[in-house]
Amino acid sequence: MTPEKKNWITGSGAVARTEGLQLGKLYRVTTIILILAFLAYSINTWIVVQRQAEAELSYIDSLFRNVIESVFQHHESVLTILGQRVLEADARHYPERARPLIDELLHLNPSMAGFGLAEPNGQLVLVSGIPPGNPLPNLLAQSESATTFLQIFDTDRLVIGWTYYMPLLKKWLIPIRIAVQDSQGNIKLVSAAGLDIDASQAMWNAFDLPPDISVTLLRKDGFVQLSLPLTQQDREALYYEVTPGVLFSRVHEPLDLDPFNEDAVAVSSYLMGDTMKTYVSFPRSRLLSSFGSRLIMPGTLFVAVLLLTWFLFRRLLRNQRAHDAHLLHQANHDALTQLPNRLLVLDRLSKDLARARRTGGLVAVLYTDLDQFKRVNDSYGHKTGDILLKSCASRISGILRDCDTVGRLGGDEFLLILPDLHSVKEAESLASRILLGFMEPFQLEGREIFSTVSIGISVSPQDGNDPDTMIQNADTALYKAKDEGRNRYHFFRQKLNQEVARRMEVERALRKALNCNEFGVVYQPQVCLRTLRWRSVEALIRWNSPTLGFVSPLEFIPIAEDIGLIAQIGEYVLESALRDLKLIHQIDPAFCISVNASTHQFRSSAFVKNTLKLMKELDIHPEQLELEVTESVLADGAEQFHGLREAGIKLAVDDFGTGFSSLSYLKKIPITTLKIDRAFVKDLENDLSDTALTTAIIALAKALGLQTIAEGIETDYQHSFLKKQGCCMAQGYLFAKPMPVGELLDKLRLEINESLVVSGQLALNLPKFPIHN
């Protein structure tokens, strides 16, 4: 690793200063947030205090209004009843007749300071407390009573006069008057009374006001009717002064200033049919005091948090420089393997390419991927998989030069950068050393695990001059290495892009091929080598795409496996084959069919159940179906095989001997047939190794009681050799090519008729019927 790169990883003073500035900014932001939070809390607390004050004042206001209205309603009823009784006693002509009634009234209503009867012209005819015969005043002659006295003639309800001081009684009174009418509605008398505002029996004096609470009752005409509490010296100024008319009509918002009490806030409401208005208030200082008491504890905590934040900031700032390198390392390295991550790898590759452009050197990018890594995770768990990744990282790092870079891109993918190369051979040599290094097993938690690696190589400048292009081309080469069998390296070539484009085109068309009915199934006969009779057929899928033309199964089957469509294609082939077998049974009821099944189908728990259900619907005996599986399926779907064999379905191992499976699977799994791969058959005449292997497979099958089928028979020599060795069945172009079901039915019909003629029997008139592909 170059010093330049080491500096980049550990960071510099500029980076540290940047971190310090960021931390300072964080402190300022945190402080602002704390201040804003405290302000928000304070504002909310002030709102809560105001709402509680408003609720308290509104409650008192409600009680006060109820008391006032109850008092006046009560006295209105009393004066109305008394007026009728006075009228009945003819008090207008004989006033003294009403005196007992008045005395009884005053006795029952201690809050009344006095009572009087007056003529409609205002002349008093009877006053409580004044002996008979004494001259009585006229109410219209007194300014304080004249206005309200005249209101009696406009209403039949109680009229409330201005609050005034009566020197005779030395009391402040609220005059109340009501007209006494006869049956025809004519006013005969006026009942007048005075309510002592200081009487202990008065309901508003029984109303226990909280400390600092003031209540004011304002009349519509601008005079104050009642104010509690109020000193004697303040009453004359308050009760005799008229307030501005706007004060009564103006909307008083809750907790606005009280116009009758300096520096006090009040709530207000109307009563007595909107003829009076209440103001209930307390000093503003009470609000502020309540608000301040609520903020003592939060304010203390706020100051403490500010101090603590400042202390932590200073402590973090002191420790920041010690953590800069570690934090930067974490930001640019993979957490599992501690290798550079994608961000750091791209930065280094960019710098290496820039230096190569200046010096004229070469830079190679090796895109590596572990082969079959998913199997390790599935078999041993992700913990073992993680240990394997770390071991692989360590092994690759040990092979590279000091100036090289290896990084993990994610999953099981590693990217290697080889700068300052003089020739492509150097990259090839290093790739070979990596492949050789992975030949040694990994010792993981007491297990010996083998893991090979595939490598795609791109070289600058011919394969690209920027990081993205180099990595993309190396990835394309990696795909080619995997496609050729894994455990190898492959250099990028321009034609690989064409292959990738072709694969993408096939993949796009393949995704809609099933829905568009583009697939078909053909059948290749499997003959008995002893009798040369057609005993069964192998179902083979064919795809004739409207846009791509005929696409070989060798091309689209691996793609279908990669994109997860192979299970659907397998189900389509199985169902089509079984339905065609039902047609074949009309000619030969003993005929069998062989169908390939993929690993994905065997991974489905419903595979056995669905297969048996379909065969039952078509009335096909399980012994007439043989499922062909590759050796890799033996490990993944072992639990399904026993269910299939118990049901009677036969199982064949396809391409036997070309995979990596253990022979122990032949013992553990109920196989019925071994299929000898065409790779062993095609050179039987010239290759002694193929002869020996084929003979050994047939002998192994006989020893295990298994049937053998040889694939790819094209010559008479292959036919005779296999027949001599005891191979049971064979298929290949020597006997028949794959054919549609219609052609197969015609040939089966012809074969059966010919065999009957040869044996001296008459040909059967076998049925013909339409074929539906």
Side-chain angles (χ1 to χ4, degrees), residues 1-2 4-5 8-9 332-334 337 339-371 373 389 392-438 452-484 486-500:
M1 188 178 295
T2 63
E4 179 186 355
K5 291 175 181 175
W8 199 93
I9 293 175
N332 293 283
H333 290 77
D334 174 57
T337 62
L339 293 177
N341 60 16
R342 178 182 291 271
L343 180 66
L344 182 52
V345 166
L346 288 174
D347 180 80
R348 291 187 179 178
L349 179 56
S350 178
K351 292 179 178 178
D352 288 336
L353 291 173
R355 187 169 60 256
R357 286 193 293 270
R358 293 194 303 268
T359 62
L362 302 179
V363 177
V365 171
L366 279 62
Y367 205 128
T368 67
D369 183 89
L370 301 185
D371 299 329
F373 177 71
L389 287 173
C392 291
S394 177
R395 187 168 293 187
I396 293 174
S397 299
I399 297 173
L400 298 182
R401 305 169 300 171
D402 290 340
C403 63
D404 298 334
T405 296
V406 55
R408 183 186 177 206
L409 300 184
D412 58 337
E413 297 178 342
F414 297 90
L415 194 72
L416 285 63
I417 304 173
L418 312 181
D420 305 324
L421 299 179
H422 300 289
S423 68
V424 176
K425 286 291 184 181
E426 295 181 56
E428 186 175 9
S429 174
L430 190 106
S432 298
R433 293 205 307 273
I434 292 174
L435 293 179
L436 185 62
F438 273 76
T452 57
V453 65
S454 299
I455 306 173
I457 308 173
S458 62
V459 180
S460 176
Q462 59 262 35
D463 296 335
N465 277 313
D466 62 273
D468 290 338
T469 303
M470 292 288 291
I471 292 175
Q472 179 181 346
N473 290 339
D475 189 21
T476 302
L478 170 64
Y479 164 76
K480 187 64 176 178
K482 284 184 169 293
D483 193 46
E484 290 180 352
R486 297 185 173 90
N487 191 27
R488 64 192 65 215
Y489 61 83
H490 199 287
F491 280 90
F492 173 77
R493 298 291 181 266
Q494 284 299 328
K495 67 176 183 179
L496 293 181
N497 283 331
Q498 299 174 0
E499 295 177 6
V500 171

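A side chain to side chain contact (heavy atoms under 4.5 Å, CB included) with D404 is found for one member of L418, I399, L416, I417 and no other, namely L418. With D369 as the partner, the salt bridge (Lys or Arg N to Asp or Glu O under 4.0 Å) test is satisfied by one option alone out of R486, K482, R408: K482.
Put simply, the side chain of D352 never gets that close to the backbone of R355: no donor and acceptor are under 3.5 Å apart. The backbone N or O of N465 sits less than 3.5 Å from a side-chain atom of R357, completing a donor-acceptor pair.
When side chains are defined from C-beta on, V363 does not count as touching P461, because their heavy atoms never get closer than 4.5 Å. Side-chain contact between L349 and I471: present, with at least one pair of heavy atoms (C-beta onward) separated by less than 4.5 Å. With contacts defined as side-chain heavy-atom distances shorter than 4.5 Å, the pair L370/L389 qualifies. The side-chain heavy atoms of L339 and S397, taken from C-beta on, include a pair separated by under 4.5 Å. The shortest distance between side-chain heavy atoms of P467 and R348 does not fall below 4.5 Å. When side chains are defined from C-beta on, V424 counts as touching Q462, because their heavy atoms get closer than 4.5 Å.
Judged as a salt bridge (charged side-chain N to carboxylate O under 4.0 Å, His left out), not a single pair has a partner in residues 457-469 (not counting sequence neighbours).
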Donor-acceptor pairs under 3.5 angstrom involving side-chain atoms of residues 427-438: please list them, not counting sequence neighbours.
{"residue": "E428", "atom": "OE2", "partner": "Y489", "partner atom": "OH", "Å": "2.8"}
{"residue": "S429", "atom": "OG", "partner": "R433", "partner atom": "NH1", "Å": "3.4"}
{"residue": "S432", "atom": "OG", "partner": "E428", "partner atom": "O", "Å": "3.0"}

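Applying the salt bridge (Lys or Arg N to Asp or Glu O under 4.0 Å) test to D475 and every residue at least two apart in sequence or in another chain returns nothing.
Donor-acceptor pairing under 3.5 Å is recorded for the side chains of D371 and S454.
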